[in-house]
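What you see below is based on every heavy atom in this structure, not just the backbone, and it leaves out hydrogens, waters and symmetry mates. Since the structure is predicted, the reported quantities are computational estimates derived from the model, not experimental observations.
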Number of protein chains: 2
Amino acid sequence: MASGPLRISKRDLRRVEKSVDEVMGLGKEIRTLFSRYNDEEYDVGWEVDSAVDAFSVLSSRWTTEILATLYIAGDRRFNEMRGLLRGISSRTLSDKLTTCVENGLVERIVEDGPPVRVKYSLTVHGRRAGALLSPFVGYMKIYNGKIDGPA
Amino acid sequence: MASGPLRISKRDLRRVEKSVDEVMGLGKEIRTLFSRYNDEEYDVGWEVDSAVDAFSVLSSRWTTEILATLYIAGDRRFNEMRGLLRGISSRTLSDKLTTCVENGLVERIVEDGPPVRVKYSLTVHGRRAGALLSPFVGYMKIYNGKIDGPA
DNA sequence: AAGGTATCTAGTGTATAAAATGCATCTACG
DNA sequence: CGTAGATGCATTTTATACACTAGATACCTT
């Protein structure tokens with residue numbers, strides 16, 4: 001298995017940049033689309049409130065990480081996730097999975113045995129959220145030097 | 001100023017859905033693009049680590065909210081932000097702004113007076129991060145019922 | 001073959017450490 | 001006195017470490 005920074009070709013970097021540009025353009029488009037619905041002026045307070053609401057699901061530790069793990073790695077069982085999310089305690093993982101289930105991002109699936117196994121899977125909503133966040137992760141990989149640009 | 005849920009037409013809802021689908025496809029594309037660089041197999045652990053790193057900046061309370069505020073509302077001063085981020089204490093805002101500055105997302109600009117004023121502004125990196133997160137916010141607006149679907 | 005030990009599963013219980021919040025206060029300026 | 005931009009400190013909330021449970025299988029010894 002490869003590990004650490006990877007080399008990326010000029011051609012592929014351009015592809016990534018293009019993708020990032022598209023998403024950025026899209027964000028702008030969505031923003032203007034929504035703001036158009038305000039008859040009078042752009043209601044900054046309301047927009048900020050919406051954003052705060054949107055992020056409230058994510059903005060406690062480990063929630064994004066759990067989402068990313070299931071998005072990248074697919075359905076996983078409890079201890080598999082614990083292995084992937086290095087440093088998380090089983091107590092915390094248990095609690096956070098519960099809140100993710102309550103928020104409709106994750107589904108808890110019991111496969112009856114013996115042995116009984118439990119797997120966690122993203123709901124449709126969770127997959128959408130993961131997909132929408134993944135360009136951000138892609139950009140941060142470059143910003144954090146996880147991926148080398150071309151020489 | 002309009003406030004509360006807004007009405008959105010069928011046509012515009014379809015536009016948003018199409019945008020979301022496109023971005024979702026894009027996320028998948030970026031993902032496979034990056035994974036292609038692993039010679040052997042898809043290194044799930046490394047991918048998850050990268051995602052954890054990417055989110056580590058965001059996954060403490062208020063960081064995303066500060067980012068969104070500056071992205072949506074433009075440059076703001078301390079007490080303006082406090083007004084927009086309802087419920088944040090000045091203690092917490094102060095601390096969080098400091099970490100945002102340390103993470104390179106936000107710039108602290110002192111305008112010398114008198115009276116001396118301090119404004120906070122997104123760096124280029126912060127604007128990029130905000131842009132990449134805004135489609136997520138747009139989607140969550142719909143999911144959270146901030147925008148009504150067509151009748 | 002019986003009994004003991006070990007392991008793997010998906011978690012809980014509990015004490016402690018770290019983070020966020022409320023509220024009071026400070027400084028510099030007009 | 002009021003405003004802007006904070007800071008100090010006590011309390012509450014959240015996260016962590018670490019030990020432990022329960023049901024099942026598997027291996028090891030006498």
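- In this structure, B/Tyr143 and A/His125 have parallel ring planes: the angle between them is below the 30° cut-off, well short of the 60° mark.
- Look at B/Trp62 and you'll find a side-chain N or O under 4.0 angstrom from OP1 or OP2 of C/dT21.
- When the side chain to side chain donor-acceptor pair (under 3.5 Å) test is applied to B/Arg76, no partner is found at least two apart in sequence or on another chain.
- Between A/Lys96 and the phosphate of D/dA15, there is a side-chain N or O to OP1/OP2 separation shorter than 4.0 Å.
- For the side chain to side chain donor-acceptor pair (under 3.5 Å) test, no residue two or more places apart in sequence or in another chain qualifies with A/Ser56.
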In 5'-to-3' order, the base (B), backbone-only (S) or no-contact (-) status of each nucleotide in nucleotides 5-18 of chain C, using a 4.0 angstrom heavy-atom cut-off, is ----SBBBBB----

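- Residues satisfying the side chain to side chain donor-acceptor pair (under 3.5 Å) test with A/Arg91, not counting sequence neighbours, are A/Asp95.
- Separation of the P atoms belonging to C/dT9 and C/dT5 is 23 Å when rounded to the nearest angstrom.
- Atom P of nucleotide D/dT14 and atom CD1 of A/Ile88 are separated by 16 Å, given to the nearest angstrom.
- At D/dA15, none of the side-chain N or O atoms of A/Thr92 fall inside 4.0 Å of OP1 or OP2 (strictly under the cut-off).
- Under the ring pair (Phe, Tyr, Trp, His ring centres under 6.0 Å) criterion, B/Phe78 pairs with no residue, sequence neighbours left out.
- Nucleotide C/dG22 holds its P atom 13 Å from the CG atom of B/Leu93, rounded to whole Å.
- Counting only residues at least two apart or in different chains, ring-ring contact (aromatic ring centres under 6.0 Å, His included) contacts with residues 84-111 of chain A are absent.
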